Amino acid sequence: GGDAGARLELTAALPDRVAGGTEIRIGDPAIQAVVRASGLDKELADAGVEVRWANISGGPQSIQAFRADKLDCSAVADIPSLFAAWTGTSTKIVFQSVVVDPVNHPIYQLGVAPGVTVASLADLRGKKIAYSAGQAQGALVLRVLQKAGLTRDDVTLVELTSTGDSYVTALGSKAVDVAPIGAANVKIYKAKYPGGGAILTGIRDDASTLYCLTSSVQDAEKAAALKVYVGVRAKALLWQNANPDGYAKAYLQETQGLSEADAKDVVATEGAKGIPATWDNALTRLQQTADLLAEQQNRDKLDVTTLVDRRFEPVEAEAAGADVVTGDAA
Amino acid sequence: MTILETRPRVARPDVRVVRRRLGPGHRIPYAFWIGPILLLAVWSAGSATGLISPAILTAPWDVVVAFGEQWTDHDLLGNILSSLHRAALGLGFGIAAGGVLAVVSGLSRLGESLIDGPIQIKRSVPTLALIPLFIAWFGIGQEMKIVTIALISLVPIYIHTHNGLRGIDGRYAELAETIGIGRGEFVRHIVLPGALPGFLLGMRFAVTSSLLGLVVVEQYNATAGIGHMITLAEQYGQTDVIVVGLVIYGVFGYCADSAVRLVGRKVLAWRRTLED
Amino acid sequence: MTILETRPRVARPDVRVVRRRLGPGHRIPYAFWIGPILLLAVWSAGSATGLISPAILTAPWDVVVAFGEQWTDHDLLGNILSSLHRAALGLGFGIAAGGVLAVVSGLSRLGESLIDGPIQIKRSVPTLALIPLFIAWFGIGQEMKIVTIALISLVPIYIHTHNGLRGIDGRYAELAETIGIGRGEFVRHIVLPGALPGFLLGMRFAVTSSLLGLVVVEQYNATAGIGHMITLAEQYGQTDVIVVGLVIYGVFGYCADSAVRLVGRKVLAWRRTLED
Amino acid sequence: MATDPGGLITRPAVRVRDLHRRFSANGGVLNGLDLDIAPGEFVALIGRSGTGKSTLLRALAGLDRDIAGHGEIEVPEAVSVVFQDSRLLPWKRILDNVVLGLREPDAAQRGRTALDEVGLAGRERSWPFQLSGGEQQRASLARSLVREPQLLLADEPFGALDALTRIRMHKLLRKLCEAHQPAVLLVTHDVDEAIALADRVIVLDAGVVRADVPVDPAGRSRTELRTFLLEELGVEKENR
Amino acid sequence: MATDPGGLITRPAVRVRDLHRRFSANGGVLNGLDLDIAPGEFVALIGRSGTGKSTLLRALAGLDRDIAGHGEIEVPEAVSVVFQDSRLLPWKRILDNVVLGLREPDAAQRGRTALDEVGLAGRERSWPFQLSGGEQQRASLARSLVREPQLLLADEPFGALDALTRIRMHKLLRKLCEAHQPAVLLVTHDVDEAIALADRVIVLDAGVVRADVPVDPAGRSRTELRTFLLEELGVEKENR
Ligand SMILES: Nc1ncnc2c1ncn2[C@@H]1O[C@H](COP(=O)(O)OP(=O)(O)OP(=O)(O)O)[C@@H](O)[C@H]1O
Ligand SMILES: Nc1ncnc2c1ncn2[C@@H]1O[C@H](COP(=O)(O)OP(=O)(O)OP(=O)(O)O)[C@@H](O)[C@H]1O
Ligand SMILES: [Mg+2]
Ligand SMILES: [Mg+2]
């Protein structure tokens with residue numbers, strides 16, 4: 001897409017100057033809203049970066065857009081970059097963020113159907129668990145089983161794609177005993193289906209990345225623009241931590257159509273975001289996930305260091321300045 | 001079998017032979033409303049008695065509340081308008097293309113052998129799975145959405161018009177051949193009016209298909225639209241908003257369908273069928 | 001306009017007046033194959049020249065390889081069979097229900113006012129959005145899938161049969177009324193054969209709808225099936241497997257459609273239309 | 001059955017009083033028509049094209065529910081109609097068209113016989129479109145004759161037939177009328193046909209019965225009757 | 001145009017040689033038929049129902065591409081056909097049916113005049129289903145007459161008309177024939193009509209021309225001709 005700039009080796013330093021009118025195509029709806037609300041869009045404009053926003057997020061959609069070369073970067077969790085690699089689309093992660101208190105602010109909890117008792121992960125033995133092989137929820141289930149010391153044969157995995165609220169419905173109608181549901185949906189689930197419950201997984205599922213087409217990172221002009229964007233994105237996340245109400249209003253209410261109360265709930269469950277000082281921990285976790293999936297789903301071994309572009313690591317940390325998180329939280 | 005019926009409507013006696021009617025008889029006035037009202041009644045009754053749990057299907061009154069909320073707080077009108085705009089554009093292109101292709105393939109065996117197969121295959125294949133292709137060709141913007149909807153609504157128009165055209169009584173083609181009429185006039189005077197009942201049936205499907213197509217295309221990079229609204233609501237488990245979307249679909253679909261049928265009754269005034 | 005054509009096929013001279021044919025003329029033998037072969041040729045050419053990138057659409061030869069892999073390693077045959085089984089069952093119920101409803105609502109205005117509205121509304125609403133309801137009512141097993149497919153394929157059967165029935169020439173109903181025929185015989189001798197062309201068109205849509213319905217229902221708790229295979233492949237982004245699925249859909253859809261049309265030609269031998 | 005127990009007064013098989021029918025835009029087609037047909041009586045109806053002969057037949061057959069007008073009509077139970085268009089069901093083979101709705105076990109045999117009588121033996125399995133115009137008309141005639149109605153309404157059943165075939169059909173019709181004694185109302189354009197077949201000839205004009213003359217071999221000669229009827233139809237002398 | 005430059009030999013407008021036609025199952029319908037029609041000549045074709053009159057007309061009109069058989073046919077360029085069924089397009093109002101395909105600017109006016117001539121003035125905007133049988137036939141006649149063809153093929157165009165209307169239509173047809181001098185092949189079942197209108201009467205039987213007699217006022221009398229033709233049709237003496 002667009003007139004390609006000069007080729008930039010992946011080892012070369014990121015250029016500092018953005019050629020005027022460089023356009024990057026980004027699918028990052030939450031940050032889009034935050035950037036607008038926080039005034040950070042001015043910073044982008046001042047740097048000469050033109051962002052063409054796409055309301056695209058999630059694995060399948062972003063991979064489709066990448067393949068058609070209609071998108072440069074998209075915000076996703078950790079799984080999509082693995083699948084992109086396995087299916088032959090070369091991407092690089094240019095941004096990593098975490099949740100400051102990940103275990104108490106998980107993305108997913110394990111929903112438990114009404115009338116089923118699951119108090120701990122060990123109780124999963126013999127249960128019917130919703131499983132969707134290609135989605136983050138699927139990977140989570142595998143990791144949960146691994147942590148519980150169970151194998152796939154100890155439970156019944158029910159192949160079920162998570163679209164919309166299909167897992168909530170499946171739980172409510174007792175089609176499955178256990179299913180990973182979004183933490184934000186737990187309250188709705190419990191209200192809808194009295195007797196339904198949910199337990200924490202105790203597993204970190206807070207990986208959050210911005211991944212880009214390798215060819216876009218190799219485009220000198222786009223790389224320069226992305227460097228700016230990564231910095232702005234870090235600031236945007238910090239702004240979001242500092243202005244939960246502004247974030248709730250700009251994104252959850254105005255673009256996602258939630259009511260004010262629901263939006264507040266979502267912000268509360270999401271928890272504060274952290275910019276890690278280094279990506280080391282994140283990459284370790286990513287490698288674990290890659291290994292688990294490779295083993296469980298008969299895929300090639302993958303070296304996740306080939307999936308990241310660590311030149312952006314310091315850019316991100318610098319932008320966060322003193323607010324970077326370190327240690328176990330990172 | 002025959003009974004005598006006295007109709008004392010007027011002072012003058014009117015005793016007719018009344019044969020048992022085998023056709024459907026007269027249209028019931030306001031029958032248009034019966035179906036939807038019935039549905040609404042069942043839904044209300046089910047919700048009120050608790051037979052339909054609100055988790056499965058939000059109660060009508062709650063849907064009204066949600067509707068109001070969406071209207072005032074979330075620009076429901078804007079969503080509706082941008083969906084309608086997309087659907088109408090796609091439908092327009094689909095109708096034009098489908099109609100032209102149907103006439104070409106209907107009137108020429110060569111055209112048919114080239115056009116018909118690909119269209120049949122296209123329609124056998126899930127649209128959702130073709131989206132990646134369309135994205136590659138038309139991008140992720142409005143263009144892709146309109147092309148997709150056009151291709152969705154092209155199919156019923158094409159098939160019904162083609163079928164209707166091929167179903168025209170061969171004697172009318174003979175007539176046309178003997179009066180020295182050209183191809184163009186043949187199409188205008190015989191093919192198009194003769195295929196019109198088929199085309200109109202196709203329209204009924206095309207209209208609903210174009211609306212349903214929104215659900216698919218508005219998952220991709222849309223910032224407004226009913227399909228987008230439903231997709232979002234699904235993500236956040238907002239059953240009531242989903243049902244608002246479904247009701248809007250139902251209302252639009254039903255009205256559009258009824259409108260096409262009404263138009264059909266008007267323009268097919270030359271027919272004397274069981275419908276009358 | 002008229003030209004003289006000599007056909008020296010036989011020893012005996014045959015000079016006929018040959019009027020410019022306005023209808024489509026004779027069927028081209030083996031035309032059935034032209035469409036698919038053309039499509040395959042374009043696809044192959046595009047892939048070979050690199051115009052179609054393999055990331056967007058896998059090349060035909062790679063699809064063959066993927067097909068082989070799926071066949072040997074992933075029980076493709078089993079997937080196909082369990083999909084066909086589901087589709088056939090759902091289709092069967094859908095046809096039966098759609099046909100009966102169409103006759104009831106076609107022949108009675110009261111029936112119509114009760115049946116027609118809900119069906120029109122049902123078809124205006126995305127099936128995907130109705131699945132939660134069906135799951136709640138029918139569970140998440142095979143039953144729900146078959147009911148969903150039945151409801152999907154019911155719609156075109158109902159609408160086309162209803163439309164075909166209502167399009168029957170009113171004069172035949174008059175005839176029936178004068179020969180003292182009962183309702184049942186009227187349905188058997190006039191309504192069903194008269195609505196048959198419509199029904200057959202409906203069948204063409206019902207067959208493909210039932211196959212397409214698989215994509216939706218096999219997202220739910222299926223362990224086998226083409227729809228399941230495609231869904232999985234979509235999540236993984238395995239273009240080649242998706243295309244294997246699409247090709248299977250295309251082949252089945254095209255063959256089923258052609259079969260219905262062939263049957264149509266046989267059972268509609270009493271018609272003399274532009275088709276002949 | 002249609003005769004009163006005492007046998008003194010014959011109740012007419014068909015009784016029409018003050019019949020009015022009009023199609024919205026036009027004026028009235030039938031304007032106060034009265035008509036009686038006795039059981040077993042053969043009445044021929046002649047009249048100009050567009051005077052309302054078919055409209056009257058449809059009223060007698062009970063097929064004009066939705067047409068404006070009023071009046072009184074009485075007809076027997078078992079009515080059979082030969083329509084002006086032959087109205088064969090295109091999706092049924094000829095024999096099936098003829099026996100349509102017959103429930104007797106020997107229906108097929110009777111249908112075959114009827115087809116034979118109208119000269120269509122061997123065409124049982126043809127589709128309607130495979131018949132010539134006259135053959136279609138005869139098949140439609142066979143369909144009516146196989147039914148033995150109390151009232152036969154025939155709308156130009158011989159219009160498309162050549163002289164010889166027409167004479168054969170006349171004989172057939174007469175034979176059947178003698179056997180089953182239905183009341184018959186036959187629309188025809190052929191004055192000679194009307195005189196040859198009917199007991200009484202009725203001329204319809206301007207929506208009323210303009211003339212109603214018995215074909216009485218003892219009374220005025222057939223030639224006189226012919227001249228009279230042609231006069232009533234408005235045909236001038238040199239053309240008769 | 002159809003005459004050779006020297007004016008010595010008139011090339012026929014219609015020339016048919018050894019025409020064979022058969023429908024798969026049946027035997028032959030036309031079995032070696034020869035026929036010439038001179039330009040401006042009016043030929044009547046009579047024959048039993050189902051002998052192949054319509055089949056012959058369809059062959060002359062070039063509408064039988066797909067029927068088995070052989071033979072040679074020559075016809076002029078501008079042919080107009082009145083079909084046995086009136087074949088009005090149901091979706092066009094009467095006037096539009098009549099002027100269908102006419103490109104002249106005064107088409108509508110001519111159509112109106114033609115409708116007036118066949119007695120359908122005021123019915124221009126009716127739908128075909130709103131016309132009576134005879135009215136439909138007349139509309140179809142108007143459609144053919146408005147075209148001034150070199151060859152008019154008419155398949156029982158007056159079958160559904162009463163005596164008076166029929167006479168009017170005869171006059172109209174004769175007037176038009178005098179004005180434009182088309183060759184005419186008229187199928188009729190009415191021997192009197194054939195004699196009244198035609199220059200020559202042809203009897204079709206068993207797929208060949210069985211008799212071909214000129215209607216010559218100077219030669220044998222019309223009554224003799226009538227008797228002869230009825231004989232040829234197989235009508236026995238007492239029925240003529
Ligand atoms: N459905 C209709 N709508 C309007 N006018 C009609 C309709 N049907 C018949 N008419 C008109 O009513 C008049 C009487 O029609 P009808 O068919 O009874 O004539 P008819 O005597 O049978 O004539 P024909 O001998 O030509 O068959 C005609 O002028 C005709 O045009
Ligand atoms: N499409 C067809 N298939 C089979 N047989 C046919 C077909 N069309 C006509 N015939 C037969 O061919 C014969 C001649 O038909 P044609 O229509 O030429 O008769 P016709 O002389 O016009 O008779 P009529 O006076 O009854 O109109 C008839 O026996 C008819 O049944
Ligand atoms: Mg009539
Ligand atoms: Mg004929």
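For clarity, every value in this text was computed on a predicted model and none was experimentally measured. Scope of the values below: all heavy atoms of this structure, side chains included, with no hydrogens, waters or symmetry mates. So that the names make sense, note that chain A is the first sequence line, chain B the second, and so on, each numbered from 1.
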Using heavy-atom distances under 4.5 Å, tell me whether B/Phe186 contacts chain C through its side chain, its backbone, both, or neither. side chain
Check whether any side-chain heavy atom of C/Asp169 lies under 4.5 Å from a side-chain heavy atom of B/Leu274, and answer yes or no. no
Below 4.5 Å, heavy atoms only, C-beta onward: do C/Leu201 and B/Ile159 meet side chain to side chain? yes
Taking C/Arg109 for the side chain and B/His26 for the main chain, is one N or O donor matched with an acceptor at less than 3.5 Å? yes
If one checks every heavy atom of B/Asn163 against chain C at 4.5 Å, the contacting part turns out to be side chain
What part of C/Val125 is in contact with chain B, defined as an atom under 4.5 angstrom from a non-hydrogen atom: side chain, backbone, both or neither? both
Name the region of C/Leu211, side chain, backbone, both or neither, that has any atom closer than 4.5 Å to a heavy atom of chain B. neither
Any residue meeting side-chain hydrogen bond (donor to acceptor under 3.5 Å, both in side chains) with C/Arg166, in chain and number order, not counting sequence neighbours: B/Glu275, C/Glu112
Which bit of C/Phe205 comes within less than 4.5 Å of chain B, counting heavy atoms only: side chain, backbone, both or neither? both
Side chains of B/Arg261 and C/Asp116 in contact at under 4.5 Å (non-hydrogen atoms): yes
If we only count heavy atoms from C-beta on, is the C/Pro126 to B/Leu246 side-chain gap below 4.5 Å? yes
Tell me, for C/Leu39 versus chain B, whether the close heavy atoms (under 4.5 Å) come from the side chain, the backbone, both or neither. side chain
Check side-chain hydrogen bond (donor to acceptor under 3.5 Å, both in side chains) between C/Glu185 and all other residues, then give those that pass, not counting sequence neighbours. D/Arg103
To check you understand the geometry: which heavy-atom pair defines the closest contact between B/Gly106 and C/Pro24, and what is its length? O-CB, 3.2 Å
When rounded to the nearest 0.5 Å, the distance separating CZ of B/Arg123 from OG of C/Ser209 is 7.5 Å
In terms of heavy-atom proximity below 4.5 Å to chain C, should B/Leu38 be classed as side chain, backbone, both, or neither? side chain
Region of C/Leu165 in contact with chain B, defined by heavy-atom distances below 4.5 Å: both
Among B/Ile181, B/Val187, B/Val191, which residue satisfies the side chain to side chain contact (heavy atoms under 4.5 Å, CB included) criterion with C/Leu22? B/Ile181
Quick one: what part of B/Phe252 sits under 4.5 Å from any heavy atom of chain C, side chain, backbone, both or neither? neither
